[in-house]
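Excluded from the calculations below are hydrogen atoms, water molecules and symmetry mates; all remaining heavy atoms, backbone and side chain alike, are included.
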Amino acid sequence: MIPYFVSALGGYVLGSIPLGYLLVKFRSRVDIRTSGSGNVGAFNAGIVTGSTAVGITVGLLDASKGFVATLGAWLVFGLFWPAALAMLGSVVGHIAPVWLRWKGGRGLATACGALFSIGLGFTIVWCTLWAVCKWQKQPILTSNLIATVATPVILVLMPSQLIDAVMTTETTSAEYRILAFCLTALLLVSHRDSLKEYREERIS
């Protein structure tokens with residue numbers, strides 16, 4: 001149990017470091033939590049500062065949190081589930097950082113960085129779906145939701161050989177699919193405001 005607890009806690013601590021908040025505060029003297037959407041992630045950082053470069057930088061920094069947490073757990077314990085829990089912990093930390101009174105980002109960049117340390121199946125499918133949605137001129141948040149909901153379903157339908165081909169850790173495709181559903185649940189929680197808006201638009 002200790003490897004799992006340590007991995008999850010370590011992931012949370014790393015993920016909770018509010019790099020986007022700190023960068024925007026340092027650069028623009030603005031509290032990102034009270035500007036734009038109030039989200040501390042890359043998209044809002046770019047909007048609040050009016051700088052694409054800042055948005056990209058925040059995205060890369062957020063991704064690095066997930067990557068370091070997950071890779072660290074894998075190197076220390078050499079097991080899939082400690083690494084997976086470190087990944088999930090880092091995403092939770094980014095979404096609900098204790099330092100910012102539980103108000104963080106949506107977790108997409110952090111999850112993407114973490115997946116580079118585990119396996120790229122989720123990332124490849126998600127990005128492909130997102131690109132198709134944008135090609136169909138869907139709003140960014142709508143594209144996020146569609147890609148997030150559909151990705152684990154496609155991974156279940158996808159041949160295991162394709163998932164295994166882009167794994168970066170030693171695990172089974174079944175375990176990876178379970179992780180995909182867990183990650184999706186977290187991302188949907190972080191997008192609950194977007195889900196509400198999307199539902200209201202469909203009803204109206």
Side-chain angles (χ1 to χ4, degrees), residues 3-4 7-8 10-11 14-15 41-43 56 59-95 105-192 194-195 198:
Y4 304 105
S7 297
L14 281 173
F43 184 61
I56 292 173
L60 292 173
L61 290 172
D62 288 342
S64 70
K65 296 190 297 185
F67 178 80
V68 171
T70 307
L71 180 62
W74 173 257
L75 291 176
V76 171
F77 299 112
L79 298 170
F80 174 75
W81 280 110
L85 287 173
M87 184 194 82
L88 296 174
S90 68
V91 175
V92 172
H94 181 75
I95 295 171
R106 301 188 191 280
L108 287 169
T110 303
C112 182
L115 286 166
F116 272 88
S117 298
I118 291 184
L120 296 175
F122 191 103
T123 305
I124 292 170
V125 172
W126 192 96
C127 289
T128 301
L129 291 172
W130 191 90
V132 171
C133 289
K134 287 302 295 175
W135 179 63
Q136 293 293 324
K137 303 186 184 304
Q138 295 291 335
I140 287 179
L141 292 179
T142 300
S143 300
N144 288 353
L145 288 172
I146 293 173
T148 299
V149 170
T151 293
V153 177
I154 291 177
L155 287 174
V156 168
L157 300 175
M158 182 182 292
S160 297
Q161 294 88 333
L162 293 179
I163 297 175
D164 294 339
V166 289
M167 289 297 297
T168 53
T169 54
E170 296 179 8
T171 188
T172 65
S173 56
E175 288 181 314
Y176 189 79
R177 288 174 176 128
I178 292 172
L179 175 61
F181 277 100
C182 294
L183 176 59
T184 295
L186 282 179
L187 295 178
L188 289 178
V189 168
S190 72
H191 282 78
R192 56 190 178 278
S194 303
L195 278 168
Y198 182 78

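Between Ala111 and Leu183, the shortest heavy-atom contact is CB-CD1, 3.8 Å. Residues Ile163 and Leu155 share a closest heavy-atom pair of CD1-O, 3.5 Å. Across Thr148 and Thr184, no two heavy atoms sit closer than the pair O-CG2, 3.4 Å.
Under the side chain to side chain donor-acceptor pair (under 3.5 Å) criterion, Thr151 pairs with no residue, sequence neighbours left out. Not counting sequence neighbours, the partners of Val156 by the side chain to side chain contact (heavy atoms under 4.5 Å, CB included) test are Arg177, Phe181.
Looking only at distances, a side-chain donor or acceptor of Tyr176 sits under 3.5 Å from a matching main-chain atom of Phe122.
Residues Thr142 and Ile146 meet the side-chain proximity criterion, which asks for heavy atoms closer than 4.5 Å. You'll find the side chain of Asp164 reaches within 4.5 Å of the side chain of Ser173, heavy atoms only.
Pairs of residues two or more places apart, or lying in two chains, never qualify as side chain to side chain donor-acceptor pair (under 3.5 Å) while including a residue from residues 68-77. Applying the salt bridge (Lys or Arg N to Asp or Glu O under 4.0 Å) test to every pair with at least one member in residues 62-75, sequence neighbours left out, gives these pairs: Asp62-Lys65.
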Table please: side-chain donor-acceptor pairs of residues 127-135 below 3.5 Å, with sequence neighbours left out.
residue, atom, partner, partner atom, Å
Thr128, OG1, Ile124, O, 2.7
Trp130, NE1, Asn144, OD1, 2.8
Lys134, NZ, Gln138, O, 3.1

Please set out all donor-acceptor pairs under 3.5 angstrom arising from side-chain atoms of residues 113-121, sequence neighbours excluded.
residue, atom, partner, partner atom, Å
Ser117, OG, Phe67, O, 3.2

Contacts under 3.5 angstrom, residues 77-86 side chains, donor-acceptor by atom type, not counting sequence neighbours:
residue, atom, partner, partner atom, Å
Trp81, NE1, Glu175, OE2, 3.1

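Here the CG atom belonging to Leu179 is positioned 4.0 Å from the CE atom belonging to Met87, to the nearest 0.5 angstrom. With rounding to the nearest 0.5 angstrom, the OG atom of Ser64 is 12.0 Å from the CG atom of Leu71. The CG atom of Leu108 sits 8.5 Å away from the CD1 atom of Ile95 when rounded to the nearest 0.5 Å.
For Gln136, the CD atom counts as densely surrounded, since its 6.0 Å shell holds more than 12 non-hydrogen atoms of other residues, nucleotides or ligands.
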Query raised in the report: Passes side-chain contact (heavy atoms from CB on, under 4.5 Å), Thr123 versus Cys112? Steps please.
Result: CA-CA 6 Å; Thr123 305; Cys112 182; 3.9 Å; yes
